[in-house]
Amino acid sequence: MPFLKLMRKMSLTGRIGVGIICLNLGVCLLAPIIAPYNESAVVGDVWQSWSKRFPLGTDHLGRDMLTRLFYGARNTISIAFLITSLAFTLGILFGFLAAIIGGWVDQLLSRVVDILMAFPTLIFALIVLSILGTSIPVLIMVIALLSSTRVYRLSRAIAMDIGVMDFVEAARLRGEGLFWIMSQEILPNTVAPLLAEFGLRFCFVFLFISSLSFLGLGIQPPSADWGGMVRENAGAITFGIMAPLLPAAAIAFLTVGVNLVVDWLLHRSAGKVHEGL
Amino acid sequence: MVTLLTVKDLSVEARDEDEQKLIVNDISFTLKRGEVLGLIGESGAGKSTVGLAVMGYTRPGCQVVSGSVLFDGIDVLTASEEVTRSLRGVHIAYVAQSAAASFNPSHRLIHQFAEGPVQHGLMSFSEAQKRAIELYRRFLLPSPESIGRRFPHQVSGGQLQRAMVAMAMSCGPEIVIFDEPTTGLDVTTQVEVLAAIREVVKERNAAAIYISHDLALVVQLADHIMVLRHGDLVEEGVPRELIRAPQKEYTRQLLSVRSGRREKHQSEKGIHTILEVENLSASYTPGVNVLEDINLKVERGKTVAVVGESGSGKTSLARAITGLLPPSKGRVLYGGKALPRLLKSRNRDSLRKLQMVYQMPDVSLNPKQKVRKILGRPLDFYFGLRGREREDRIIELLEMVELSKKFIDRFPDELSGGEKQRVCIARTLAAKPDLIICDEVTSALDQLVGEEILKLLQRLQDELGVTYLFITHDLATVKVISDDIVVMLNGRIVEQGPRQEVLAPPHHEYTELLLSSVPVMDPDWLDGVLKKRQSAQIPAFVTS
C-alpha cells in the first residue's frame, strides 16, 4: 500500500493532520447516514443544552447541532474543494502560459492579475456578490477567480525557474508544442510546491466562504454551513451557550489539520531541494 | 625543517539514514614548513573531506571515526570548539573552490577580508586594510588601493579567486588548504592564480595542501603528491617520479588521458558542406553584439571544435545556429538551404537533423521522466514509433551508448554523471541527426568519465557518420577530437582552419596565449610560461 508507506515516512504532526482530514472527509461522505436527524428539521426547543437526545444541543431554531455540523462539513468542504481546484486550474494554466510564452502575453496576464489583486478580496467579493446575487455557482466562480490570482503568481514564478532548465530547452529544440512542455516537462516538476500551496489555499478559501456566510452572502439557509452557523447562533453567546463555538471549533480543527500536512509537505520538498544541491 | 602538521590514520564515515560508508580510509601524512602537498583524485575520492578534517571540520552527516590530526601539539579533531575556532583562519586557512559562492555578495571585499583578523583580535580595521592593499598588490589585482571597496560581483572571476587567496592569507596562516582553487576559471586566468598561490606559499614559508582533480596542475606546485580514490590512498610520491614511473594502474590512467588521439580513417568521399554560417551577428540586448560577423563551414562527418574562454560567444553561436537566439544579421545555411531565423518557423525535419548535447547532464534530463520516456519521446515525435518497435529501438539506443537495458526504468537521479550524459547522447541519436552540437559536454564530468564520453562520441562518428560542432574551453579535448578548429574571442572568430594548421605555429597571438596556458604534465611548465610572459608583453586582452 503506497498510502501506508507514505504514512510511515510522515512526521507525527503530519500523521495527525492526515487523521483530521480523513475524519472530516468521512463525515462529509457519510453525513446522511450518521446524522441523527434531517438537515433542516426542527426537532426541539431553541438552544437546548447537551443531552442524550441532542448530543451537542440545538441551534437558534431548534435544529440538532450535531446534524447541522455534519451537513455543514459536507457543504463547506465540498464547495471549498471545488473552488480551490478551479482556482488552481486557472492559475496554473495562465501562470505557465505567461512563463513559457513571455512577452506581451505575460505582460497582459500579469497586469490583469495585478488589477484583481489591488482590491481587498473580501470587499471585491462583497461587491460582485451583491450585484450578481448569492447563488452557489456565482459564489464558486467569484472566489475561484480571486484565489487564482495568488496561484497564478506562484506557478508563474516556479515555471520561470524550471523553464530555463536545459531539459525544457531540449524539448523546445525538438519542436515540442506548448501543451507538451507545460504538461510533461514543467508540471511534474512543480508538484511539490503546488500541492503545498493547494493545502494552504484550501484553508484560505474555506475561511473565506465561512466569513462570507457569516456576513450572509455565502451559502444560503436552510443549507447548513459552518460559517453561517456561527452567525446564526451568535446571539447565544450572551446567554453563555456553547452553540456558536462548536462550528467555529470545527473550522479551526480542519484548518489546523490541513496546515499540519502542508507543513510536512513543504518541509519534505525543501529537504529534497537541499539534497539536490 | 619543522613538521607543522601530522595526520595519522584518518578515517571519515558518511552516514545516510540507514547506510554507513567510509569516505576517507586510513590516510596519513605530514606537512613541513614550506612544503606543498598535492591531493589528487576524482569526485568522491575524499580529498575535500581530508582538507576539511585538517581544520577539525566535517560536513553535516559525516563523522571522523578514527585517527588524529596534530597541529602544534593539539589534536584538532578532539580539541574543544574554542580551540579549533582560534586555529581556523589564523593558523589554518581554507580557500574554497568557487570564490563567487564563497563571498557574501552584499559586503564589500575589504570588509570580508578584515573580518578574520579583526574578529581574532590580531589587528585593527585600518591595519587590516593596509595589509589587504599589500596583499592585493602582491596578487597583481588592478588598482589594489580601491579594489577592496568593490562588491564581489564587480570584479571578474579570476580576480575574485585571487582576492579569496588574499583573504585566506590575511592572518598569516601557517597552513593554507586550497580546494580546487582554479576549477571554473579560464585557462589564461588559471595561470595567474597558480602563480599567485605559489608565490605566497614560498614567500611566507607556509605549508599548503593543494586539492585538485587535475594532475597537470598539481605537479606545478606540489612537493609531494597523494593520489586518492574512493577514500583510499592509491599512490604517493614526488611529482617527477610519479609522472616518470607511476606504480599503479589508476595513476597511469590519470596520466595518459591527455595524450590519446585516435587516427581517423580519412575517407575523402568528396567534401560536402553540411552547415554554413554566413556573416552572422546576434545580440541579446540591441546594440551589444555577442556575435560579430561569424563565418563558418562544417563538413559532413567531421568534427569542428569551437574554442574560447567564457564570454567568447561560443554558446551564443550554438544558440544562434539552433534558432534559440535569432541573428540580427547574416544567416545559417543547412545543406545549402537557409534555415529560418526563428525556432518556431523551422520545420520538424530540420529540427530533427540538428541536435544538441548540453554541458550539465544534471539539468538537461527531466528529473521526473524515466529513461524510457526521455528516449521514447523523440522516437514517437519524429518517427511515430509506438509499442514494441519503440521499446526495441530504445534498447538499441542504450546499447549504442554502452548502457545496458536495465537503465530503461531508471530516473535520472539514479544515474551517475557519466551515465546521464550517455542518456543525453542517446536522446540526440534517437532523432537520427546529421549534426550534433556538443556544448562543453565533458566539462562537468570527471576526467576519466569525460574521456570515456569523448571516446564514445568518436566511435559514434565512425559508425554513424554524424558531424559534430564541438564547443569547448578545453584545448586538451580539442587536440584529441577535432578536425577543424575555430578560435573565438569576444564574439569574433580570431583564427580558424584545419587542426594541424591552427595548432602549429605561427599562431594568432590569442591562440598562442590559449595554447601556452594549457597545463602540461611537467613540473617546469609554470616557470617556463611565466618567464616567457615576463619577457614578452602580456597582451592587453588578458588583463581586461
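In what follows, chains carry the letters A, B, and so on, assigned in the order in which the sequence lines appear, proteins first and then strands, with residues in each chain numbered from 1.
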| field | Atom group of Lys373(B) that falls short of 4.5 Å from chain A, counting heavy atoms | value |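 Side chain only.
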
| query | Which answer fits Arg427(B), side chain, backbone, both or neither, if we ask what part of it has an atom under 4.5 Å from a heavy atom of chain A? | reply |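 Only the side chain of Arg427(B) comes within 4.5 Å of chain A.
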
| query | Within residues 100-112 of chain A, which positions have a heavy-atom distance to chain B below 4.5 Å? | reply |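 No residue falls under the 4.5 Å cut-off.
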
Any chance [atom1] of [X] has more than 12 other-residue heavy atoms, nucleotides or ligands included, within less than 6.0 Å?
| X | atom1 | result |
| --- | --- | --- |
| Phe179(A) | CZ | no |
| Phe81(A) | CZ | no |
| Met141(A) | CE | no |

| Is there a donor-acceptor contact under 3.5 Å from the side chain of Asn366(B) to the main chain of Asn189(A)? |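 Answer holds: no.
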
| field | Side-chain donor/acceptor of Tyr358(B) to backbone N/O of Phe167(A), under 3.5 Å | value |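 No, Tyr358(B) side chain to Phe167(A) backbone: no donor-acceptor pair under 3.5 Å.
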
| said: Testing the basics here: between Arg174(A) and Leu351(B), what is the closest heavy-atom pair and its distance to 0.1 Å? | reply: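 Closest approach of Arg174(A) to Leu351(B), heavy atoms only: O-CD1, 3.8 Å.
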
| So, are Arg377(B) and Glu176(A) salt-bridged, with charged N and O less than 4.0 Å apart? |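 Here Arg377(B) pairs with Glu176(A) in a salt bridge, since their nearest N and O are under 4.0 Å apart.
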
| So, do Met165(A) and Met360(B) sit near enough that their side-chain heavy atoms are less than 4.5 Å apart? |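 With C-beta onward as the side chain, the pair stays apart.
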
| said: As a quick check of understanding, evaluate side chain to side chain contact (heavy atoms under 4.5 Å, CB included) for Arg172(A) and Leu343(B), giving each step before the final call. | reply: CA-CA 8 Å; Arg172(A) 278 182 204 224; Leu343(B) 182 66; 4.1 Å; yes

| task | Let me know which of Thr322(B), Ile437(B), Leu354(B) forms a side-chain contact (heavy atoms from CB on, under 4.5 Å) with Leu173(A). | result |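 Among the candidates, only Thr322(B) passes.
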
| How far does NZ of Lys368(B) sit from CD1 of Ile186(A), to the nearest 0.5 angstrom? |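 It is 14.0 Å, given to the nearest 0.5 Å.
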
| request: Name the option with the most non-hydrogen atom pairs under 4.5 Å to chain A; the candidates are Gln369(B), Arg348(B), Met356(B). | output: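 Looking at each option in turn, the highest pair count goes to Gln369(B).
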
